[in-house]
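In this chain, numbering begins with 1 at the start of the sequence shown.
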Amino acid sequence: MATEGDAVQANTESFNQGRYESVSRLAEYEELKDEARAIKEEAIERLPELIEELRETVEARGGHVYVAEDAADANRYIEEVVADRDAERVIKSKSMTSEEIEVNEALEARDVDVVETDLGEWVLQVADEAPSHLVAPAIHKSREGIAELFNEVFEPEKPLSSAQELTMFARDKLGELITDAEVGMTGANFITADSGTMMLVTSEGNARKTAVVPDTHVAVAGVEKIVPSVEDLDPFVELIGRSGTGQDITSYVSLLTPPVESPVVGFDRPDEPIDPDSADDREFHLVLIDNGRMAMREDPELKETLYCIRCSACANTCANFQHVGGHAFGGETYTGGIATGWEAGVHGQDSAAEFNDLCTGCSRCVDACPVKIDIPWINVAVRDRINRGKDGELDWLVEGLTPDEDPGGVDLQKRLFGNFETLAKLGSATAPVSNWMADIGPSRAVMERVFGVDRRRNLPEFQRETLVDWFETRPDRSPADPTRQVVLYPDLYTNHVLVDRGKAAVRTLEALGVDVRVPSMPSSGRAPLSQGMIATARSKAEAVADAAAPHLLEDRDIVVIEPSDLAMFQGEYERLLPEKTATAIGENSYEILEYVFGLLENGADDGVLSRPAGDASIAYHSHCQQRTLGLEAHTVAVLDRLGYQVTTSDAECCGMAGSFGYKSEYYELAVDIGDDLCRQLEAADASQVLTSGTSCTEQVGSLGEDDPIHPIELIAPR
């Protein structure tokens with residue numbers, strides 16, 4: 001954060017805002033995403049067949065195709081091509097796949113001069129740094145930093161400072177280097193099996209020069225880049241620029257079909273720049289990289305990673321990435337949310353483990369992904385594998401003493417947060433003593449040292465009377481002729497900590513003519529799932545399904561206050577429960593303000609709800625998973641209807657993310673993100689701050705000037 005955070009944040013937030021604006025102008029955006037997803041699904045399913053079709057197509061056109069088993073195999077072939085051409089210099093356009101196989105290092109070890117022609121990549125080559133972003137590799141560099149680098153390394157006659165000066169200097173330098181290169185190397189965004197056509201998407205046009213100026217073109221691409229036909233490129237042309245940088249279309253979209261029958265430019269003969277006979281000298285080599293991809297294709301959890309089109313939308317929309325960048329949020333090659341799948345597949349689990357916990361499962365990347373990859377699930381699945389790879393001699397003892405279904409290898413911090421249900425029950429049963437004991441100095445010191453719970457973070461205060469207890473002992477206030485029947489889901493925080501929002505939900509629903517029950521029910525499994533404890537999460541989901549079954553048989557709707565639990569019911573349960581069971585729960589579950597909106601739209605009397613008595617200004621931050629579910633608008637609509645003036649935040653996430661903000665190693669990052677949100681809310685100068693999720697309430701309450709409440713607490717009958 002100290003060295004790269006400001007530059008990364010400014011650039012990724014700009015890309016992300018551009019994406020919002022660009023896709024809003026594309027009426028068929030969701031349809032294009034569905035089409036792109038279907039094409040990738042078909043391509044990966046038919047991949048062995050498409051590889052052979054592509055090989056036959058390219059070779060019939062005079063090109064060469066080599067399928068490399070791994071990085072070493074690919075580099076060996078490329079080294080042979082370069083040696084056969086007696087090449088002293090290779091020019092390259094941007095390619096993450098070439099970064100993956102470290103071809104630059106392999107060629108340089110053979111005294112070949114390798115020059116990156118993408119401006120960002122060249123900046124990093126001069127600085128001897130690795131890319132920090134899939135699309136904008138030097139996103140962590142400021143203009144001032146690049147000027148300082150160029151002035152120090154190249155010592156120009158006049159110091160460089162402006163963006164124009166830096167760009168022109170780079171263009172001139174690279175132009176000189178390009179003219180003398182014998183081999184050009186590119187990546188490929190997509191390759192069509194039917195014609196061998198490669199689509200290259202760039203912002204600078206350098207890929208075209210790289211491909212056609214030298215007489216030998218080597219294209220390096222993962223096997224997953226193959227699609228069946230040229231027609232299949234259509235949705236990707238529309239989506240890739242919008243998703244990555246917020247452009248309606250990327251500056252240069254080049255389609256190259258081998259052989260590229262253009263003569264070589266003769267830079268040494270300015271009067272005759274084109275040698276008409278040199279087209280026959282051209283060579284084209286397509287190096288397709290496996291390097292773990294075919295194994296990923298057979299892996300049910302990693303397979304979706306192969307649908308990735310490397311647009312970087314998942315990174316741009318991620319609050320954690322926005323604040324630290326890809327050097328922290330990335331592995332040996334790949335960065336951002338999707339990096340966990342790539343790193344686990346091509347470099348191994350250890351590489352993914354270095355940054356995997358930076359994905360908090362906020363789900364903001366899910367809507368951003370143009371091929372609808374469930375990136376949070378991939379991160380959770382890999383986290384589960386990492387947990388299971390830490391077996392120890394005393395695992396049998398740990399497994400016997402802990403109230404979960406996961407093996408002993410789970411580290412203590414994850415196991416603590418994954419078993420929050422047990423802590424919550426114990427905390428409420430012994431409150432207020434439990435709250436006092438947990439917060440005294442020695443206890444905080446032990447929690448920080450043993451479990452990594454940062455002592456600077458306020459702990460939740462458990463209530464002695466839970467929401468379920470309160471509901472069981474209150475007088476029956478069920479309406480005589482209810483319009484709907486509801487089971488209000490008592491999530492862990494509503495039941496044990498933020499009980500007032502649960503009471504407000506009950507009062508509101510009953511006032512609107514709904515028959516409400518608040519039964520004792522198990523936790524949703526969100527807590528263990530976020531720690532990668534999938535077995536425990538599945539056990540919780542099965543228990544919820546059993547508890548919900550009789551209520552569903554009575555045609556009761558399930559109303560949920562905590563958005564992360566609703567996201568479990570409507571999302572992750574599809575992976576944890578049988579399809580029929582997951583569908584029954586998901587299709588009958590609603591967020592509390594979504595449900596209130598529906599009641600009002602269907603004739604319920606809004607006069608029973610609280611309206612503003614004075615200042616009606618409200619600052620509202622919608623929970624990240626609530627936004628992904630498309631439910632923020634319902635809350636705003638209800639508040640508008642009641643006469644409140646609402647200002648919403650545009651922060652992707654509050655930074656707390658459940659347990660994330662409690663962890664010592666991530667506390668400062670969580671606070672950095674939370675401070676941005678708090679500044680937004682305070683700038684609204686509202687009379688009341690509203691937050692719809694537990695994490696948001698905790699974060700804003702501890703860092704901001706105001707004590708936030710849930711929207712249901714504001715509108716509930718007094």
Side-chain angles (χ1 to χ4, degrees), residues 420 424 427-428 431 435 458-472 474 477 486-512 514 516-521 523-524 526-527 557-569 589-597 599 608-610 618-626 629 631-632 634-636 638-639 642 644 646 654 656 658 681 688-702 704 706-718:
F420 183 71
S428 285
N435 297 323
N458 295 331
L459 297 175
E461 293 190 6
F462 297 108
Q463 304 300 308
R464 184 61 175 263
E465 183 183 53
T466 67
L467 177 65
V468 172
D469 294 339
W470 169 81
F471 187 83
E472 287 179 349
R474 71 192 286 263
R477 292 189 171 89
V486 156
V487 52
L488 183 68
Y489 178 68
D491 65 85
L492 287 179
Y493 258 79
T494 302
N495 194 33
H496 295 278
V497 182
L498 301 177
V499 179
D500 284 345
R501 71 180 186 179
K503 295 177 180 179
V506 172
R507 294 200 308 273
T508 300
L509 293 172
E510 289 181 341
L512 293 173
V514 176
V516 181
R517 290 184 188 173
V518 186
S520 178
M521 296 182 74
S523 68
S524 70
R526 170 62 64 188
D557 301 318
I558 303 173
V559 174
V560 186
I561 298 175
E562 179 57 42
S564 61
D565 288 315
L566 182 67
M568 286 288 288
F569 293 170
S589 298
Y590 304 87
E591 191 265 340
I592 179 64
L593 265 294
E594 173 196 17
Y595 203 79
V596 169
F597 173 84
L599 293 170
V608 301
L609 303 179
S610 293
I618 298 298
Y620 171 52
H621 174 67
S622 175
H623 187 278
C624 48
Q625 284 162 329
Q626 182 184 34
L629 291 169
L631 301 176
E632 178 183 26
H634 299 85
T635 298
V636 174
V638 171
L639 294 172
L642 296 177
Y644 294 97
V646 185
C654 72
M656 186 69 187
L681 296 175
Q688 179 63 59
V689 173
L690 303 181
T691 51
S692 56
T694 297
S695 297
C696 319
T697 302
E698 289 191 342
Q699 182 80 305
V700 175
S702 62
D706 302 297
D707 289 328
I709 59 174
H710 192 282
I712 199 68
E713 296 178 81
L714 179 71
I715 69 171
R718 302 303 176 200

*asked:* Minimum heavy-atom separation for Val499 and Gln463, please, with both atom names.
replied: CG2-CG, 3.7 Å
*asked:* Test side chain to side chain contact (heavy atoms under 4.5 Å, CB included) on Gln688 and Ile709; report intermediate values, then the result.
replied: CA-CA 8 Å; Gln688 179 63 59; Ile709 59 174; 3.6 Å; yes
*Set of residues satisfying ring pair (Phe, Tyr, Trp, His ring centres under 6.0 Å) with respect to Tyr493, sequence neighbours excluded*: Phe420
*Residues forming a side chain to side chain donor-acceptor pair (under 3.5 Å) with Ser520, sequence neighbours excluded*: none
*asked:* Could you check whether Thr691 and Thr697, counting side-chain N and O atoms only, form a donor-acceptor pair closer than 3.5 Å?
replied: yes
_Holding to side chain to side chain contact (heavy atoms under 4.5 Å, CB included), I want the full list of residues that pass it with Arg477, two or more places apart in sequence or in another chain._
Arg474, Pro475, Glu510
*Check whether any side-chain N or O of Glu591 sits under 3.5 Å from a backbone N or O of Leu593 as a donor-acceptor pair, and report yes or no.*
yes
*If we only count heavy atoms from C-beta on, is the Ile712 to Val596 side-chain gap below 4.5 Å?*
yes
*Scan Val486, Ile558, Asp557 and name whichever one has a side chain to side chain contact (heavy atoms under 4.5 Å, CB included) with Tyr590.*
Asp557
*Could you walk me through whether Tyr620 and Glu632 pass the side chain to side chain contact (heavy atoms under 4.5 Å, CB included) test, one step at a time?*
CA-CA 10 Å; Tyr620 171 52; Glu632 178 183 26; 4.0 Å; yes
*Non-hydrogen side-chain atoms of Met521 and Val487 separated by less than 4.5 Å*: yes
*What is the minimum heavy-atom distance between Gln626 and Ser622, and which atoms define it?*
OE1-OG, 2.7 Å
*Rounded to the nearest 0.5 Å, what separation is found between the CG atom of Leu609 and the CZ atom of Arg507?*
11.0 Å
*Could you tell me whether the side chain of Tyr595 reaches within less than 4.5 Å of the side chain of Leu599, counting heavy atoms only?*
yes
*Is there a side-chain contact between Leu509 and Ile592 (heavy atoms, below 4.5 Å)?*
yes
_Between Val514 and Val559, does the side chain to side chain contact (heavy atoms under 4.5 Å, CB included) criterion hold? Intermediate values first, please._
CA-CA 11 Å; Val514 176; Val559 174; over 6 Å; no
_Asn495 versus Pro490, closest heavy-atom pair with distance_ = CB-O, 3.9 Å
*Can you name the closest pair of heavy atoms from Asn435 and Ala431 and give their distance?*
ND2-CB, 4.1 Å
*For the side chain of Ser610 and the backbone of Ala716, is there at least one donor-acceptor N/O pair under 3.5 Å apart?*
yes
*Can you tell me how far CG of Leu714 sits from CG of Leu642, rounded to the nearest 0.5 angstrom?*
8.5 Å
*Calculate, to the nearest 0.5 Å, the distance between atoms OG and CG belonging to Ser523 and Asp565 respectively.*
8.0 Å
*asked:* So Leu498 and Ile561, do their side chains get closer than 4.5 Å, heavy atoms only?
replied: no
*Which pair of non-hydrogen atoms, one from Pro708 and one from Gly701, has the smallest distance, and what is that distance?*
CD-CA, 3.6 Å
*For the side chain of Gln699 and the backbone of Cys654, is there at least one donor-acceptor N/O pair under 3.5 Å apart?*
yes
*Drop me the distance from Cys696's SG to His623's NE2, to the nearest 0.5 angstrom.*
5.0 Å
*Is there a side-chain contact between Thr494 and Leu488, using heavy atoms and a 4.5 Å cut-off?*
no
_Listed partners of Arg464 passing side chain to side chain donor-acceptor pair (under 3.5 Å), at least two apart_ = none
*Measure the spacing between OG of Ser428 and CG of Leu492 and express it to the nearest 0.5 Å.*
9.5 Å
*For the rings on Tyr489 and Phe569, is their centre-to-centre separation under 6.0 Å?*
yes
*Please step through side chain to side chain contact (heavy atoms under 4.5 Å, CB included) for the pair Val518 and Leu467, ending with a clear verdict.*
CA-CA 8 Å; Val518 186; Leu467 177 65; 4.0 Å; yes
*Flag the pair Glu562 / Gln625 as yes when at least one side-chain heavy-atom distance between them is below 4.5 Å, and no otherwise.*
no
_Pairs flagged by salt bridge (Lys or Arg N to Asp or Glu O under 4.0 Å) wherever residues 487-496 is involved - sequence neighbours left out_ = Asp491-Arg501
*Arg526 side, atom CZ; Met568 side, atom CE - distance, nearest 0.5 Å*: 5.5 Å
_Results of ring pair (Phe, Tyr, Trp, His ring centres under 6.0 Å) for Phe471 - residues two or more places apart only_ = none
_Testing the basics here: between Leu566 and Ser589, what is the closest heavy-atom pair and its distance to 0.1 Å?_
CD1-CB, 3.7 Å
